[in-house]
*Asks:* 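Sharing a structure with you now.
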Amino acid sequence: MRKTKDNKSAIRKETRPDRIGKSAIESPDLSIDFAGIKLKNPVLTASGTFGYGEEFAEFVDLNKLGGVIVKGISLKPIKGNPPPRIWETPSGMLNAIGLENPGVDVFLNEKMPYLRKYDTAVFVNMFGYSLEEYVGVAERLDGAQGISGIEVNISCPNVKAGGMAFGTDLRATFELLSAVRKATRLPLIAKLSPNVTDVTAFARAAADAGCDGLSLINTLLGMAIDVRCRKPRLANCTGGLSGPAIRPVAVRMVWQAARSVSLPIIGMGGIVTGEDAMEFLLAGASAVAVGTANFINPRATLDVLDGIEGFMREQKIADLREIIGKVDAG
Amino acid sequence: MRKTKDNKSAIRKETRPDRIGKSAIESPDLSIDFAGIKLKNPVLTASGTFGYGEEFAEFVDLNKLGGVIVKGISLKPIKGNPPPRIWETPSGMLNAIGLENPGVDVFLNEKMPYLRKYDTAVFVNMFGYSLEEYVGVAERLDGAQGISGIEVNISCPNVKAGGMAFGTDLRATFELLSAVRKATRLPLIAKLSPNVTDVTAFARAAADAGCDGLSLINTLLGMAIDVRCRKPRLANCTGGLSGPAIRPVAVRMVWQAARSVSLPIIGMGGIVTGEDAMEFLLAGASAVAVGTANFINPRATLDVLDGIEGFMREQKIADLREIIGKVDAG
Amino acid sequence: MPSNRLHRALIVSHKPVGRGYYRLVLKAPEAARSALPGQFVMLRVSDTLDPLLARPFGISAVISRSSLEILYRVVGKGTTMLTTAKAGQSLSLLGPLGKGFPRPEKKTVPVLVAGGSGFPPLHFLAQRAGSRTHLFLGARNKECLPPADIVRSFKELADKVHIATDDGSAGQQGTSTDILDAFLTKTERREHLVLYACGPHAMLAAVSKIAAEHAIPCYVSMEERMACGLGACMGCSVPMKAGGYKRACKEGPVFDSREIDWSEQVLLKLKR
Amino acid sequence: MPSNRLHRALIVSHKPVGRGYYRLVLKAPEAARSALPGQFVMLRVSDTLDPLLARPFGISAVISRSSLEILYRVVGKGTTMLTTAKAGQSLSLLGPLGKGFPRPEKKTVPVLVAGGSGFPPLHFLAQRAGSRTHLFLGARNKECLPPADIVRSFKELADKVHIATDDGSAGQQGTSTDILDAFLTKTERREHLVLYACGPHAMLAAVSKIAAEHAIPCYVSMEERMACGLGACMGCSVPMKAGGYKRACKEGPVFDSREIDWSEQVLLKLKR
Ligand SMILES: Cc1cc2nc3c(=O)[nH]c(=O)nc-3n(C[C@H](O)[C@H](O)[C@H](O)COP(=O)(O)OP(=O)(O)OC[C@H]3O[C@@H](n4cnc5c(N)ncnc54)[C@H](O)[C@@H]3O)c2cc1C
Ligand SMILES: Cc1cc2nc3c(=O)[nH]c(=O)nc-3n(C[C@H](O)[C@H](O)[C@H](O)COP(=O)(O)OP(=O)(O)OC[C@H]3O[C@@H](n4cnc5c(N)ncnc54)[C@H](O)[C@@H]3O)c2cc1C
Ligand SMILES: Cc1cc2nc3c(=O)[nH]c(=O)nc-3n(C[C@H](O)[C@H](O)[C@H](O)COP(=O)(O)O)c2cc1C
Ligand SMILES: Cc1cc2nc3c(=O)[nH]c(=O)nc-3n(C[C@H](O)[C@H](O)[C@H](O)COP(=O)(O)O)c2cc1C
Ligand code: FES
Ligand code: FES
């Protein structure tokens with residue numbers, strides 16, 4: 001697959017008159033152009049919930065996915081937080097993994113070769129504990145083969161420095177993303193924090209810094225307590241809330257962001273079914289990422305894809321462009 | 001019941017040496033002094049989920065509750081938002097009632113007389129569309145009989161002006177609460193918005209403005225879309241997410257706020273059982289409010305109360321002070 | 001103070017009855033004793049937190065002094081889950097709730113109009129109202145009509161059952177309101193007729209209009225989304241002509257059709 | 001590419017077996033064929049979103065070429081809900097997962113140590129390991145031991161079953177590690193002994209210490225909280241002496257006890 005980055009800001013693709021009409025509906029067109037990246041379909045995997053692809057290859061033909069967003073990568077290997085790291089909550093879960101990862105060099109040497117075997121877009125989620133580290137990772141990724149885009153995580157609630165500290169401060173967000181922008185020619189997608197008063201301000205900051213797309217949302221900061229031990233359920237004390245519980249917040253933020261900037265958006269947060277995904281597309285996302293659902297059903301990505309396709313057939317929708325952002329909010 | 005407001009900032013009550021030891025555990029002491037208000041127990045009803053008490057009197061002996069927080073009251077009657085106003089989500093619900101209420105005068109003339117018949121603390125939740133309206137309501141409540149305290153809602157996500165517009169701006173929060181503070185001698189409880197980057201800053205602003213306590217959290221701003229009609233599920237487009245889905249976010253915010261100010265806190269958000277309530281108390285809340293759970297079980301308040309009492313017995317805890325804020329966060 | 005409206009109701013029987021419907025018989029003596037046609041109950045379909053809220057269902061019959069009947073259509077998550085409840089288990093039941101249909105007077109000839117899955121409360125009304133009743137049933141096609149057993153039961157209870165389907169696969173071709181209008185037009189003594197309708201909003205608006213044209217009293221049962229069923233959440237509001245809203249669960253679900261602001265109603269709710 | 005580890009497994013039988021345990025037999029031919037002692041499966045207890053995550057359970061036996069057995073204790077929301085699943089229904093099953101116990105060599109005398117509800121994977125190991133096996137069972141009191149049927153089954157499979165209870169209500173008074181220590185101390189030919197342990201972390205740490213003192217190889221099964229079971233979420237981490245963490249679901253749940261950093265482990269996890 002060729003991964004072009006021309007015609008960056010466009011979510012659009014050329015009209016194909018031959019695919020309009022009845023026959024088109026029988027096999028609806030799910031391909032999209034996301035920030036200049038051609039995707040077979042809008043279904044991606046949310047970072048940190050799909051490993052580096054390999055973990056799920058037994059269940060999902062990676063070639064069928066719109067793309068894989070890998071677990072967050074940093075300059076140096078990171079050990080992560082002590083256990084317990086996860087806790088289940090009503091229709092959701094808390095995690096405080098602490099961004100455990102083998103570092104960018106090991107990733108490029110040991111994980112990318114596997115992913116390159118597939119004809120699917122690869123997005124590398126990355127982060128740092130300082131601006132310099134972010135830039136360092138971006139520089140290394142810039143040279144690497146087979147990477148369609150970089151998803152910059154400025155919103156991880158589970159590390160003290162870095163992560164959310166950037167993503168909840170407008171100025172820091174702008175400066176960080178601007179610096180990363182200079183460090184790479186790859187398409188840049190800013191993954192925004194939902195733990196802010198006004199997500200649209202951060203969306204604009206990302207646009208101003210030259211990003212090509214947005215991902216939202218990351219997890220909501222949460223906490224649960226073991227009332228008998230009187231200790232937090234997570235050793236890290238607080239963690240990130242994900243899963244269906246947060247979907248209404250996620251749909252709202254995607255909708256708000258889509259109305260305030262023209263960048264294409266990867267929507268995520270609690271997607272389990274094709275209909276869930278449709279909510280995000282209608283709210284204005286050009287693609288979606290399936291996260292926590294992978295844990296309860298390793299084939300969730302394909303089920304979501306089938307659901308979207310089935311819905312388009314049922315509703316006689318030939319092309320995703322007839323859906324994206326098309327909620328009638330009165 | 002006498003409702004004093006001396007010794008405002010204290011959550012504490014006098015030690016009663018006669019109640020310590022084994023016998024105390026057999027009937028644990030659930031009474032608390034919340035901002036100078038004596039409560040029989042820490043279980044209150046969250047505003048907007050328990051009507052004006054009367055609606056639930058058939059299921060709950062109001063005399064058994066720590067207190068009733070009534071549906072939000074404004075200066076003039078308010079019609080509310082057009083339907084649909086509610087939508088169910090995974091382990092939660094969205095609402096955009098739009099603060100429908102009969103206005104402060106009707107409230108005082110028609111609803112308060114009923115509540116005064118009970119020996120339970122009454123907290124009046126109130127709001128306005130302008131600072132002047134907030135002040136106006138506070139002034140009227142100030143003179144009224146049988147009101148233990150005012151809960152100032154600066155966090156309703158469902159009205160365009162007012163509500164959340166105040167609660168997400170630090171300066172507006174401080175000015176509004178200061179003005180309301182001047183308008184009444186009743187204990188003032190600020191109900192904070194969870195839709196902010198840093199809830200502790202708002203907690204401090206409320207303390208600085210002279211509030212006597214905090215309530216948190218109000219609902220998270222959310223949205224759901226009917227994918228077949230391509231319309232928001234709520235006529236108001238967005239709404240407030242409540243219920244068990246948001247509990248981890250609520251516990252986290254209570255914990256953060258309790259560590260940053262010394263005001264007593266009413267914790268709420270997804271409480272369904274006594275154990276859920278214990279999480280809030282351990283996180284630092286001095287009292288709890290049961291909200292959405294009233295809809296799925298009209299006796300939820302009493303079940304929560306029984307659960308807390310049973311837990312204290314099981315754990316041989318004689319007094320709530322042994323619990324409040326006692327999470328060991330390492 | 002155990003309320004006599006909050007029950008653990010034993011499932012006496014629970015069976016599919018065709019056309020996507022289930023018949024659920026619940027033992028809840030206090031509820032059965034006091035239930036009136038048009039009232040409803042809130043049922044929790046499971047003890048988990050998803051689905052969270054109880055579901056409202058009209059009472060379709062009182063079976064004995066201690067049991068009542070619910071007829072429900074499987075439409076989504078909650079009703080699908082409900083189908084797995086077995087006889088012998090019990091469910092949390094809140095009710096009877098709301099105000100029922102005003103009781104037909106002695107001379108009244110009740111004209112019942114049911115659209116979609118709106119027939120259950122009307123079935124209970126037919127059961128109580130006696131044999132003068134006329135029933136109008138409308139559906140897209142035969143398969144969308146109420147279950148055959150229920151149609152039979154209506155035929156036993158009522159004077160006449162008038163059926164219309166959009167495609168003519170059963171009864172006359174047309175909508176229930178078409179045949180209702182024709183019936184009213186040709187009926188000579190209209191002074192004792194009273195309309196009772198339940199179904200989708202668009203159909204209720206149409207029935208309401210016809211009632212006004214023929215100057216016949218008309219009561220409609222408004223099935224709004226509900227969270228509490230008790231008048232506390234303010235979620236189930238119905239727009240009133242006089243301005244403001246009333247709560248379907250408390251002041252309704254049955255309203256005099258002239259009270260309702262159908263313009264706004266229809267505009268906003270065409271979805272249902 | 002239908003994976004052979006993701007199944008809709010038919011419930012062949014599902015019964016309470018006493019002392020708070022249930023025995024669940026599932027038809028999952030591919031899983032049954034390849035399962036090894038120490039491996040586990042993830043079961044979804046319902047199709048709703050609450051509880052959300054699948055629950056991990058050790059495989060306690062392979063019953064036939066096509067069925068495997070799960071023994072579980074009812075401890076919370078998920079296991080309570082699971083009890084309502086009926087024979088004839090099917091459950092989503094992912095597995096077998098993880099690495100099992102290293103297969104005992106010909107001459108090995110396997111010494112199994114089970115605490116709390118940690119016995120199911122050891123039961124499968126006993127089934128495969130043959131009659132030289134010794135089993136140590138410990139519990140607070142008689143009622144906290146594994147179900148009587150299972151104890152009996154262990155007695156049939158193993159050479160000797162050693163029981164200890166804190167209160168002496170069954171077997172010897174003391175902990176399983178007390179009697180294990182005594183056994184090892186008095187055993188003369190220790191070179192063929194290999195320890196296999198499963199249970200609460202504190203007990204595993206104690207067994208690990210005893211193994212080290214007696215210089216006997218020791219494998220422990222670490223039951224961590226899990227979300228995915230597939231090595232993707234990084235939620236099930238076990239701290240390693242060499243630094244960093246390994247995933248219980250992928251590199252485990254069975255680890256050589258010497259690999260694990262028990263200091264941090266015990267400190268953090270005394271809750272379980
Ligand atoms: C007073 C009243 C009486 C009713 N009586 C009956 C009856 O006798 N028999 C019957 O089959 N149904 C009746 N309904 C409708 C019934 O409540 C819904 O079909 C049911 O709640 C759907 O639940 P679900 O989880 O299966 O659907 P969901 O998955 O929640 O939704 C599926 C569809 O049903 C609609 N819906 C969901 N909840 C409600 C609700 N509370 N009210 C109306 N529509 C809803 C949704 O908008 C959606 O389109 C009544 C509703 C009301 C308000
Ligand atoms: C590899 C592995 C094998 C296991 N094998 C068995 C077995 O064969 N038989 C058996 O009865 N149990 C086994 N368990 C434990 C079993 O997974 C838990 O008891 C179960 O998940 C509890 O679910 P619940 O919803 O009923 O409890 P919850 O309501 O979720 O929690 C109740 C208690 O159980 C603990 N718990 C919850 N989830 C887990 C988890 N994933 N792992 C460990 N503890 C947990 C909680 O900390 C809490 O104290 C195993 C666990 C693992 C990781
Ligand atoms: C266990 C876990 C690990 C995650 N790790 C990362 C990560 O490394 N980088 C990142 O940007 N987001 C991470 N996320 C957030 C998800 O990518 C996603 O934004 C979030 O979970 C919401 O989607 P969901 O509700 O579908 O899971 C993680 C989420 C979970 C549950
Ligand atoms: C239907 C509904 C109406 C509400 N109305 C009000 C209100 O008038 N004033 C207010 O401060 N909070 C209002 N709330 C918020 C609740 O008081 C509470 O803060 C929130 O729902 C979280 O608690 P819960 O998850 O237990 O419901 C309302 C919530 C719901 C669900
Ligand atoms: S359903 Fe709550 S007020 Fe009617
Ligand atoms: S359970 Fe997810 S990595 Fe082990």
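The model shown is predicted, which means the values in this text are computed figures rather than measured ones. Chain naming here is simple, since letters A, B, ... match the order of the sequence lines and numbering starts at 1 in each. As a basis for the values below, the full set of heavy atoms in this structure was taken, side chains included, without hydrogen atoms, waters or symmetry mates.
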*Asks:* Going by atom types alone, do S242(B) and T219(B) pair a side-chain donor with an acceptor below 3.5 Å?
*Replies:* no
*Asks:* Under a 4.5 Å heavy-atom cut-off, does chain B meet the side chain of M226(C), its backbone, both or neither?
*Replies:*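 The backbone, not the side chain.
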*Asks:* Any donor and acceptor pair, going by atom type alone, linking the side chain of E30(C) with main-chain N or O of R5(C) inside 3.5 Å?
*Replies:* no
*Asks:* Would you mind checking if R23(C) and E69(C) are paired as a salt bridge, meaning a charged N to carboxylate O distance below 4.0 Å?
*Replies:*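 Between R23(C) and E69(C) there is a salt bridge, with a charged N closer than 4.0 Å to a carboxylate O.
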*Asks:* Return each pair, listed once, that meets side chain to side chain donor-acceptor pair (under 3.5 Å) where at least one residue sits in residues 65-76 of chain B; pairs must be two or more places apart or across chains.
*Replies:* S74(B)-N101(B)
*Asks:* When only pairs under 4.5 Å are counted, which of A227(C), C236(C), A54(C) shares the most heavy-atom pairs with chain B?
*Replies:*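 Of the options given, most contacts go to A227(C).
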*Asks:* Measure distances from P244(B) to the heavy atoms of chain C and classify the residue's part below 4.5 Å as side chain, backbone, both or neither.
*Replies:*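 For P244(B), side-chain heavy atoms alone lie under 4.5 Å from chain C.
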*Asks:* Under 4.5 Å heavy-atom distance to chain C, tell me which part of N297(B) shows up: side chain, backbone, both or neither.
*Replies:* side chain
*Asks:* What residue in R85(B), E55(B), E54(B), M93(B) has the most heavy-atom pairs under 4.5 Å with chain C?
*Replies:* R85(B)
*Asks:* For T49(B), which atoms come within 4.5 Å of any heavy atom of chain C: side chain, backbone, both, or neither?
*Replies:* backbone
*Asks:* Do R233(B) and D226(B) meet the salt-bridge criterion of a basic N to acidic O distance under 4.0 Å?
*Replies:* yes
